[in-house]
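See structure below.
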Protein chains: 2
Amino acid sequence: MNPRRTNFRRLVRPAARQVSGARPAYTPGVPQEQPDNDHLHFWSFIDHAVSRATRELPGVDPLAMRLVLTLHRAANMLVYDLESTVHRPRGWSWPGFRVLFAVWLAGPVEAKKVAELSGMSRAAVSALVGTLERDGLVTKERAPHDGRAVHLGLTAAGMQAITSAFRSHNEREREWAGSLSADEQETLISLLGKLTAHSTHFEAKHRA
Amino acid sequence: MNPRRTNFRRLVRPAARQVSGARPAYTPGVPQEQPDNDHLHFWSFIDHAVSRATRELPGVDPLAMRLVLTLHRAANMLVYDLESTVHRPRGWSWPGFRVLFAVWLAGPVEAKKVAELSGMSRAAVSALVGTLERDGLVTKERAPHDGRAVHLGLTAAGMQAITSAFRSHNEREREWAGSLSADEQETLISLLGKLTAHSTHFEAKHRA
DNA sequence: AAGAGATGATCAAAGCTTTGATTAAGTGGC
DNA sequence: GCCACTTAATCAAAGCTTTGATCATCTCTT
């Protein structure tokens, strides 16, 4: 838990300093200390990764690799943008928003159902509901016919919060989607849908 | 931090218990305690969300909403599956794998570059490298020409780990990608690429 | 009626992530 | 040389997530 001052392998400071911007000279026969990766950037990362993996690791499926890298990156960027422009400025998180949204959609609803709908674990929902309740957005009541379950509902503040946040959220979604024509959006949605639908055909692990 | 026994609004236990499976009778004029959401499931969630939001919140862009929900869900399912079938069983995490992979790709490389390549914050990389170093997969050295920077490299164990994990990872990627034809995969990749590329045109927030 | 088993929620421990502060080191102006 | 500014990394606090354990409650079988 506490890495406490990692043990650097301290190097002797080189006698002659390089001029700013200069690169260490290449010495034939000796492995380069600092390989040339100045050309490697965020946007070229996937290309380099795929081509090097294909070259060095026989049997790799480059298209599948590229697909997953691209999908993961797109989702990450989207989440980062929405979370930092819409949700965090309001003092909430995207996960909190997702729970709030599920409760809004499903009315007074058991925590278990919220977990199923939002694709989270029950423990995660439990934790999120903890903070949402603390912040006065969600109410928790024991379920009438099942002493184990809790029913979740929105407070007035929660209703106000989800409505306002949702507008802002969708505004931002529209910006993202605006990169594509309506047809392209439909196509993308349909391909992604196919991907997730078929994930039930091989034993893809999913929640509960 | 410690929600400590949340304050349930304790309800009086109903006198007459319902038979298993029966639903509370509908009482006209009185709001239903438990709205009928039995038809709401993981797979119908997006449809319901879009249609209800469109109905109740004027001005919502349903296609953009559906796009983001679908993309987010696809990425989540993919990550969950890969993490739980490939990485966690080996004792590592996907984020750890991503750092390891970036180091493998970029050779001895500064932590800052790893953050840029993998799309993580420098603090996140710092934390991940902490555990990767503790587990003997990554080495950390002070950069020769810059006393602030650290150069990251793979240990023999790290090299072995990334190679083996990557094979397994790509095997799994192939299963996922197998839902789509090669053409469809290309299309999907290209649409996602367009989405991320265009995110620089509106002021999408991104890291560093 | 009673025990066995299933189920819903929560807790606990560990890890990852974020933002903002801090520390150390390099850069540039004078 | 000195001081302000910038930059790399790390720390700190808070929050989210995961798995597995625990507790309470419900259900089923006998």
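Every chain is numbered from 1, with letters handed out A, B, ... down the list of sequences. Just so it is clear, the model here is predicted, and its values are computed rather than measured.
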Can a side chain N or O of [X] be found less than 4.0 Å away from OP1 or OP2 on [N]?
| X | N | value |
| --- | --- | --- |
| A/R88 | D/dA14 | no |
| A/S121 | D/dT19 | no |
| A/S126 | C/dA9 | no |
| A/R148 | D/dT27 | no |

Distance, rounded to the nearest Å, where [X] contributes [atom1] and [N] contributes [atom2]:
| X | N | atom1 | atom2 | result |
| --- | --- | --- | --- | --- |
| A/R142 | C/dG8 | CZ | P | 14 Å |
| A/E83 | C/dT18 | CD | P | 9 Å |
| B/L132 | C/dG15 | CG | P | 12 Å |
| B/L152 | D/dA8 | CG | P | 14 Å |
| A/R90 | D/dG15 | CZ | P | 19 Å |
| B/E116 | D/dA8 | CD | C1' | 14 Å |
| B/E133 | C/dC16 | CD | P | 14 Å |
| A/E141 | C/dG8 | CD | C1' | 17 Å |

(request) Please check if the side chain of A/N170 supplies one atom and the backbone of A/E173 the other of a donor-acceptor pair under 3.5 Å. (result)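 Absent.
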
(request) Nearest-nucleotide wise, let me know which of A/S93 and B/K113 is further upstream toward the 5' end of DNA chain D. (result) B/K113

(message) Closest-nucleotide mapping onto DNA chain D: is B/K112 or A/K205 further toward the 5' terminus? I mean the 5' end.
(response) B/K112

Side chain of [X] only, heavy atoms from C-beta on: which candidate in [options] is closest?
| X | options | result |
| --- | --- | --- |
| A/K140 | C/dT10, D/dG15, D/dC16 | C/dT10 |
| A/A127 | D/dC16, D/dA8, D/dT17 | D/dT17 |
| A/Y80 | C/dA9, C/dT18, D/dA9 | C/dT18 |
| A/L128 | C/dT17, C/dA9, D/dT17 | D/dT17 |

(request) Indicate the atoms forming the closest heavy-atom contact of A/P62 with A/V50, along with that distance. (result)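 Nearest heavy atoms, A/P62 then A/V50: CB-CG1, 3.8 Å.
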
(request) Please report the shortest heavy-atom distance between A/R52 and B/W104, naming the atom on each side. (result) NH1-O, 3.0 Å

(message) For A/F42, does the six-membered ring have the charged nitrogen or CZ of A/R73 within the cation-pi criterion, i.e. under 6.0 angstrom from the centroid and within 45° of the normal?
(response) yes

(message) On DNA chain C, compare the nucleotides closest to B/G96 and A/S84; which residue's is nearer the 5' end?
(response) B/G96

(message) Using heavy-atom distances to pick each residue's nearest nucleotide on DNA chain C, tell me which of B/G119 and A/R122 is more 5'.
(response) A/R122

(request) Identify whether the distance between the nearest side-chain nitrogen and carboxylate oxygen of A/K205 and B/D81 falls below 4.0 Å. (result) no

(request) Would you indicate what A/A123 reaches in the nucleic acid, counting non-hydrogen atoms under 4.0 angstrom: base, sugar-phosphate, or nothing? (result) base

